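Everything on this sheet refers to the single structure shown next.
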Amino acid sequence: MDHTGLLVILSSPSGAGKSTLARRLMDWDSSLRFSISATTRPPRPGEIDGEHYHFTTPDEFRALVDDDQMLEHAEVFGNFYGSPRRPVEQAMREGRDTIFDVDWQGGQQIRASALGGHVVSIFVLPPSLPELERRLRTRGQDSEEVIAGRMAKSRAEISHWAEYDYVLINEDLDETEGQLRAILTGERLRRDRRAGLGAFVKNLMAEEQKQ
Ligand SMILES: Nc1nc2c(ncn2[C@@H]2O[C@H](COP(=O)(O)OP(=O)(O)O)[C@@H](O)[C@H]2O)c(=O)[nH]1
Ligand SMILES: Nc1ncnc2c1ncn2[C@@H]1O[C@H](COP(=O)(O)OP(=O)(O)O)[C@@H](O)[C@H]1O
């Protein structure tokens with residue numbers, strides 16, 4: 001059936017588990033596309049340019065924005081982040097769903113864009129703030145200073161939870177992954193109903209009359 005790809009937005013305070021969940025969803029369904037953001041943040045050890053992020057200088061980033069190549073962009077934790085527009089439009093044309101790992105500002109901008117009708121938004125909460133801090137620490141990729149900065153901003157991010165279609169508490173990773181799969185399956189069925197089931201049912205009825 002012909003359909004347009006969905007834009008699946010995942011937001012959460014840093015460390016709640018978005019990237020881990022996005023990776024698991026893509027292992028489950030290889031047709032899902034991850035929106036690789038551009039950022040002015042320096043790469044962490046092990047991060048690959050063009051795979052985790054497109055790492056850019058502030059000047060390069062500004063040029064992309066000025067050239068209208070960003071579907072959305074925002075400043076987060078003192079760095080710029082943005083979602084390139086073209087790969088998203090291409091995936092939509094191919095009927096492939098795109099996953100975005102963006103903050104609340106990105107969520108608001110994509111929802112308000114011309115593509116907003118295709119958005120499914122999901123907010124991921126940690127079971128508690130001490131557990132969030134523990135996860136940031138066990139990820140082992142940020143300095144104490146960076147962790148303190150992210151914890152300080154976590155309440156501001158969480159305050160936007162009610163803007164999202166779904167809100168999941170990521171306590172048990174397998175359970176949250178199951179909930180995400182269920183959401184995606186349900187939202188795809190809703191999309192297919194909008195996109196083309198009318199024609200399918202018309203055909204079905206016509207066949208019945210022929211018999
Ligand atoms: N608005 C927006 N936010 C983004 C984008 N890419 C990443 N972010 C957000 O920026 C924040 C920091 O991301 P990152 O530096 O990878 O740190 P991490 O979330 O701790 O792994 C997270 O809240 C991301 O969701 C983007 O393209 N646009
Ligand atoms: N449900 C969970 N239980 C325990 N640890 C988790 C859970 N979800 C994620 N983590 C761990 O927490 C850390 C932060 O997760 P990550 O996916 O990097 O978060 P985010 O992308 O939201 O910043 C990682 O070390 C990850 O393995």
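Values in this document were obtained by computation on a predicted structure and should not be read as measured data. Whatever order the structure lists ligands and atoms in, that order sets their numbers, starting from 1.
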Measure the distance from atom 4 (C) of ligand 2 to every protein heavy atom, then report the residue, atom name and distance (to 0.1 Å) of the closest one.
R135 NE, 3.6 Å
Quick one: look at S12 and ligand 2, take heavy-atom pairs under 4.0 Å, and tell me if it's side chain, backbone, both or neither.
side chain
Is S19 close to ligand 2, meaning an N/O of one under 3.5 Å from an N/O of the other?
yes
Ranking I169, T138, T20 by closest non-hydrogen atom to atom 15 (O) of ligand 2, top hit is T20
Heavy-atom distance under 4.5 Å between the side chains of L7 and F100, does that happen here?
yes
Heavy-atom side-chain proximity of F80 to V65 below 4.5 angstrom
no
What protein heavy atom is closest to atom 8 (N) of ligand 2, reported as residue, atom name and distance in Å?
N170 ND2, 3.1 Å
Among non-hydrogen protein atoms, atom 18 (O) of ligand 2 lies closest to R139 NH1, 2.9 Å
I'd like a table of donor-acceptor pairs (distance under 3.5 Å, sequence neighbours excluded) in which one partner is a side-chain atom from residues 109-126, with atom names and distances.
from	atom 1	to	atom 2	distance (Å)
Q109	OE1	H73	N	3.1
Q109	NE2	H73	O	2.9
R111	NH2	E163	O	3.3
S113	OG	I110	O	2.8
S113	OG	L115	N	3.1
S121	OG	D165	N	3.0
S121	OG	D165	OD2	3.4

So, do P58 and R62 sit near enough that their side-chain heavy atoms are less than 4.5 Å apart?
yes
Beyond-backbone contact of L173 with R24, side-chain heavy atoms, under 4.5 angstrom
yes
At less than 4.0 angstrom from any atom of ligand 1, which residues have a non-hydrogen atom? List them by chain and residue number.
S14, K18, S37, R41, R44, Y53, E72, A74, V76, F77, Y81, G82, S83, D101, V102, D103, G106, R139, R150
Side-chain heavy-atom pair E47, T39 within 4.5 angstrom cut-off
no
When D27, L25, T98 are each screened for side-chain contact (heavy atoms from CB on, under 4.5 Å) with L32, the one that passes is L25
Ligand 2 to E171, heavy atom cutoff 4.0 Å, flagged ligand atoms 1 (N), 2 (C), 3 (N)
Could you tell me whether E187 and R191 have a side-chain N and a carboxylate O separated by less than 4.0 Å?
no
Can you list the steps and then say if D101 with S37 is a side-chain contact (heavy atoms from CB on, under 4.5 Å)?
CA-CA 8 Å; D101 172 344; S37 298; over 6 Å; no
Could you say whether the N/O atoms of R134 and ligand 2 ever approach to under 3.5 Å?
no
If you define the side chain from C-beta out and look only at heavy atoms, does anything of E60 sit under 4.5 Å from L64?
no
Taking atom 23 (O) of ligand 2 as the point of reference, which of S11, G140, G15, G17 owns the nearest heavy atom?
G15
